[in-house]
Amino acid sequence: MRTHEERLAALGTHFPLVEAGEGGRRWTYRTTGRGGRTLVLLHGIGSSSASWLDVALAAGRDFRVVAWDAPGYGGSTPLAAERPLATDYAQSLEGFLATLGIERCVLVGHSLGALMATAYAAAYPRGRAAQLILVSPARGYGAREFDAERERVRASRLQALAALGVTGMAAERAGRLVSPSAGAPVREWVRWNMASLNADGYRQATELLCGDDLARYAPAPLPVACFCGADDVVTPPAACEAVAAAYGVPLVLLPGCGHASPVEIPHLLAATLRESIEMQGERCE
């Protein structure tokens with residue numbers, strides 16, 4: 001298992017941050033691999049492109065891997081809307097893919113990134129995504145059934161950010177993202193990623209989480225697969241089962257991990273992504 005220092009060194013050497021821009025917008029992202037097919041990885045609300053490090057290095061043996069920093073994360077330009085919807089992130093993603101010249105890809109969304117990915121597939125049904133893979137998808141609280149819970153979630157997250165700052169929030173919240181069996185290096189990497197957030201980007205993403213609903217974008221006009229950590233307490237298996245049902249696919253549980261599966265079980269997740277893509281037989285070049 002890598003130490004924190006070893007992960008930082010690998011990040012800088014093998015998965016460094018690069019930048020692209022178009023029409024006044026800027027995105028930071030990380031890329032590796034030389035495979036013919038392209039995986040585009042979308043991180044969750046408390047993370048960044050760096051969280052995909054070990055998945056990318058494992059998958060890069062077979063694929064070209066691109067992990068973006070969502071708007072407001074890393075050095076990526078924030079969205080204009082104070083309370084954006086998933087369609088706003090989808091529009092930014094289309095600009096990002098166009099700027100990088102990605103014509104076909106497998107789109108992998110983790111947590112809140114899954115909400116962005118589903119919105120992209122709905123907004124661009126003949127677009128650049130050939131397959132959609134959802135990992136511990138966050139449905140969001142935009143549906144009427146969550147009316148009582150929505151403001152509590154928004155207030156809790158924004159008050160924690162105001163009271164603790166990004167670093168303090170990371171120290172308090174990061175432990176929920178992993179399973180009880182996660183080792184210290186895994187916990188430290190999850191905490192480091194969360195502590196690297198931009199406060200304004202996190203606020204916008206919180207508004208997305210509280211104001212939109214993944215189910216609005218179902219079903220998808222392309223193949224879908226759905227996975228969830230068996231020990232996930234953030235988007236637990238029962239919640240992910242409902243998402244999978246909305247897309248008419250089975251939920252596959254990932255053993256030995258909580259919510260942060262890209263960090264906790266990166267090699268198993270990379271192998272699972274590879275198997276899912278091969279089952280579809282889609283060339284995404």
Side-chain angles (χ1 to χ4, degrees), residues 1-19 28-35 39-70 73-76 108-113 135-136 160 164-199 201-202 227-235 254-274:
M1 181 179 293
R2 294 178 191 262
T3 66
H4 185 69
E5 291 71 23
E6 288 170 340
R7 277 198 171 96
L8 287 174
L11 189 68
T13 302
H14 302 297
F15 204 40
L17 199 65
V18 290
E19 182 180 315
T28 53
Y29 66 101
R30 301 175 189 273
T31 185
T32 190
R34 297 186 179 88
L39 304 187
V40 175
L41 309 177
L42 311 183
H43 61 80
I45 188 172
S47 195
S48 70
S49 59
S51 66
W52 292 104
L53 168 65
D54 290 316
V55 172
L57 295 184
R61 300 164 191 161
D62 301 297
F63 305 104
R64 176 192 179 194
V65 182
V66 176
W68 85 334
D69 284 318
Y73 285 70
S76 296
V108 182
H110 175 247
S111 192
L112 195 65
V135 183
S136 288
L164 302 172
V166 169
T167 302
M169 187 178 66
E172 181 178 271
R173 290 180 176 266
R176 290 191 72 235
L177 303 184
V178 297
S179 69
S181 61
V186 166
R187 294 174 183 274
E188 188 171 5
W189 191 241
V190 171
R191 186 167 54 249
W192 178 85
N193 271 278
M194 189 177 288
S196 302
L197 297 177
N198 299 326
Y202 180 81
F227 305 99
C228 177
D231 298 321
D232 193 334
V233 298
V234 177
T235 56
L254 302 170
C257 69
H259 189 66
S261 54
V263 177
E264 199 167 359
I265 54 159
H267 297 284
L268 175 58
L269 181 56
T272 301
L273 297 178
R274 185 184 305 110

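This one's a predicted model, so the numbers in the text were calculated from it and none came from an experiment. Counting from 1, the numbers follow the sequence of the chain as shown.
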Once side chain to side chain donor-acceptor pair (under 3.5 Å) is applied, do any residues pair with [X], and if so which ones, sequence neighbours excluded?
X: Thr235; value: Asp232, His259
X: Arg7; value: Asp54
X: Tyr29; value: none
X: Asn193; value: Ser48

Please enumerate all residues that pass side-chain contact (heavy atoms from CB on, under 4.5 Å) together with [X], with sequence neighbours excluded.
X: Ala9; result: none
X: Thr3; result: Glu5, Glu6
X: Thr32; result: Phe15, Ala56, Leu57, Val65

task: Check the pair Val108, Val55 against side-chain contact (heavy atoms from CB on, under 4.5 Å), reporting the backbone distance first and the verdict last.
output: CA-CA 12 Å; Val108 182; Val55 172; over 6 Å; no

query: In chain order, what residues pass the ring-ring contact (aromatic ring centres under 6.0 Å, His included) check against Tyr73, with sequence neighbours excluded?
result: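 Expected list: His43.
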
Heavy-atom check, side chain of [X] versus side chain of [Y], under 4.5 Å:
X: Leu164; Y: Arg173; result: no
X: Leu41; Y: His110; result: no
X: Leu8; Y: Trp192; result: yes
X: Ser49; Y: Leu17; result: yes

With sequence neighbours excluded, residues passing salt bridge (Lys or Arg N to Asp or Glu O under 4.0 Å) with [X]:
X: Asp62; value: Arg274
X: Glu172; value: none
X: Arg191; value: none

field: Residues Trp189, Leu11; criterion side-chain contact (heavy atoms from CB on, under 4.5 Å); working and verdict
entry: CA-CA 11 Å; Trp189 191 241; Leu11 189 68; 4.0 Å; yes

